[in-house]
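See structure below.
Quick note: numbers below take in every heavy atom, side chains included, and nothing from hydrogens, waters or symmetry partners. Order of appearance sets the numbers: ligands from 1, and atoms from 1 within every ligand. What you see is a predicted model, and the numbers here were worked out from it, not measured in a lab.
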Amino acid sequence: MQAPLINQTYAQLPAVLHALAELKPVAAPKLLIGNSTLAQHMGIDPSWLESDEAAQLLSGNQSAAHGSPLAMAYAGHQFGGFNPSLGDGRAMLLGDVVLADGTTRELHLKGSGRTQFSRGADGRATVSAMLREYIISEAMAALGVPTTRSLAVMATGERVWRQKPEQGAVLTRVAKSHVRVGTFQYLAARHDVETIRTLMNHEIARHMPGVTTAQDFLATAISRQAKLIAMWMSFGFIHGVMNTDNMQIAGETIDYGPCAFMDGFDPQKVFSSIDENGRYAFDKQPMIGLWNLTRLAECLLPVLDDDKTYAIKIAETELQNYMPQFEAAFEQRMLAKLGIDDLSQTDFIATTLQHMANARADFTLFFMGLTRGENVEKFFMSKLAHDEWDQQWNTLKSAKANELMKHHNPVYIARNHRVAEALAAAELGDLAPFHRLLNAVQSPFTEQQGFKDLEAAPLPQEEVLQTFCGT
Ligand code: AMP
Ligand code: MG
């Protein structure tokens, strides 16, 4: 039961990128949930997660043996407005571990107390927000969506004041890297070209094998983001707060705040309580992805070429590749959801989504209904609309439609109302509903006996209309 070997390689990067994070010990750290599968994958003994040493380390009460925790500096466009100095205000980087395959993963504690970037806030997080991140990120991972992972949630035994007193917790988040678009913006705002180059090379070395030039680096970041957002949308996922500080270079979904899987399909759907203008609505996500990547490209101009005009040309060329890549990935996934292997049938995606939007068809149940060969008429405005659509569908379906659909249409998603219900029970000390839901969403494509209620759409009175930033 050995502790993982944690190094602090980020400390070797120029000092402008990080600040020492002082430990802010909590009263009574206690493991609420640990991720054995992820621990094993990372070469960590799952039983270590239950040790006192893990409780001390993963609640921010103790440093890892090989280096002090750091708060990472970053900037960011928040809802379009630029803030040159955000940084980890309630998180700290413990360090990184090397996996058996030679790749590295960072361990980051969220809710670990104030840092020099906290501004007026308390640096803490609540049990319910951290459990919410845990279950949604693990659901995303099981769907095959690139994402930061959740290794453990430690209750702190302390109160956190939000609208009401809540229980505090610290989440151990695992990522290939926590460098964001906003990390590059932080340096660009300080005209620190040398560190931009260093940071770029750091990222390339960590997770972009084969990349050798700044142009390749930008192209890879663009391509990963295009595919990521296509995947989100193929599962009806809304990130909710796609600020540039919440978009990571490695292409993993990061920062699970007011995010949600949609129930009834509405392309303009927004859940976030703070997104008053619908900037991060479902169907705006591809465009916002491009906007954020354009901010990244601006930061990279001085390393793309010494000649500014030529650098801009390179950036524009690469940014122009974003939309076609997004569209190709989205279309391929949506056609697979419909059991169609003829990739030229893209008009049928639009037709289907229009019908779904008209009738506010449940995004997951509609595709599950098709997969199971059920009559899906109830998801259409009229029998006529259904019959016309169905006739067309039957002419387009592939001979291996069922295989395609089974692998692209989940039975279980982390539905908002079920997540809310599980979190409410957890707050009262009952983690059973949370474990049950986690169990379902960790094998999203496999139907399990006794989980029918977890498939169902919310009744009108159960519907969650707003989600909140995970503070
Ligand atoms: P987020 O909404 O999680 O992306 O956070 C945006 C910024 O606010 C980041 O710099 C966070 O570190 C900071 N922040 C959010 N919540 C807190 C908190 N409770 N205490 C300190 N800083 C916070
Ligand atoms: Mg953030």
So does Asp266 pair up with Arg360, basic N to acidic O under 4.0 Å?
yes
Using a plain distance cutoff, I'd like to know if Gln78 has any nitrogen or oxygen under 3.5 Å from a nitrogen or oxygen of ligand 1.
no
Nearest heavy-atom neighbours spanning Glu138 and Arg149
OE1-NH2, 2.7 Å
What I want to find out is whether Asp263 reaches Arg415 closely enough, with some N-O distance under 4.0 Å, to be called a salt bridge.
yes
Do Glu166 and Arg159 meet the salt-bridge criterion of a basic N to acidic O distance under 4.0 Å?
no
Less than 3.5 Å apart, any donor N or O on the side chain of Thr126 or Arg162 sitting next to an acceptor on the other?
no
When you look for heavy atoms under 4.0 Å from ligand 1, do you find them on the side chain of Phe117, its backbone, both, or neither?
neither
Is any NZ, NE, NH1 or NH2 atom of the basic residue among Arg436 and Asp453 found under 4.0 Å from an Asp or Glu carboxylate oxygen of the other?
yes
Find all atoms of ligand 1 within a distance of less than 4.0 Å from any non-hydrogen atom belonging to Asp255, and give their numbers and elements.
3 (O), 4 (O)
Carboxylate-amine/guanidinium contact Glu106 Lys176, below 4.0 Å:
no
Closer than 4.0 Å to some heavy atom of Asp122 - which atoms of ligand 1 meet that?
18 (C), 19 (N), 20 (N)
Minimum side-chain heavy-atom gap Val153-Val170 below 4.5 Å:
no
Ignoring hydrogens, just give me the one of Gly76, Gly89, Gly87, Gly120 whose non-hydrogen atom is nearest atom 21 (C) of ligand 1.
Gly89
Report the relative orientation of the aromatic rings in Tyr10 and His202; use parallel for angles under 30°, tilted for 30 to 60°, perpendicular for over 60°.
perpendicular
Show the atoms of ligand 1 that are less than 4.0 angstrom away from any heavy atom in Arg119.
7 (C), 8 (O), 10 (O), 13 (C)
I want to know if ligand 1 touches Ala121 in the polar sense, i.e. an N/O pair below 3.5 angstrom.
no
Where does Arg162 meet ligand 1, judged by heavy-atom distances below 4.0 Å: at the side chain, the backbone, both, or neither?
side chain
Checking the N or O distance criterion of under 3.5 Å, is ligand 1 in contact with Asp88?
no
Could you see which bit of Arg124 sits under 4.0 Å from ligand 1, with heavy atoms only: side chain, backbone, both or neither?
backbone
Within-shell test, Gly257 vs ligand 1, heavy atom, strictly < 4.0 Å
no
Would you give the length of the straight line joining atom CD of Glu421 to atom CG of Leu454, rounded to the nearest 0.5 angstrom?
8.5 Å
Any idea which atoms of ligand 1 are less than 4.0 Å away from a heavy-atom of Gly123?
18 (C), 19 (N), 20 (N), 21 (C)
Does Arg197 come within less than 4.0 Å of Glu194, counting only side-chain N to carboxylate O?
yes
Below 3.5 Å, N or O to N or O, backbone or side chain included: is there any such pair between Leu86 and ligand 1?
no
Would you mind running through ligand 1 and noting each atom that sits below 4.0 Å from a heavy atom of Asn246?
4 (O)
Are Asp283 and Lys269 ion-paired here, with the side-chain N under 4.0 Å from a carboxylate O?
no
Min heavy-atom dist Arg114 to ligand 1 below 4.0 Å:
no
Metal environment of the Mg ion (ligand 2), protein N/O/S under 2.8 Å:
Asn246 OD1, Asp255 OD2
If you look only at distance, which donor and acceptor atoms sit under 3.5 Å apart when one is on a side chain in residues 456-466 and the other is two or more places apart or in another chain?
unit_1 : atom_1 : unit_2 : atom_2 : d
Glu462 : OE1    : Leu459 : N      : 2.8

Working note: Thr195 + Asp192, criterion side chain to side chain donor-acceptor pair (under 3.5 Å); need CA distance, chi angles, decisive distance, verdict.
CA-CA 6 Å; Thr195 310; Asp192 189 346; 2.8 Å; yes
Heavy-atom proximity to atom 3 (O) of ligand 1 ranks first, among Arg180, Met72, Arg90, for Arg90
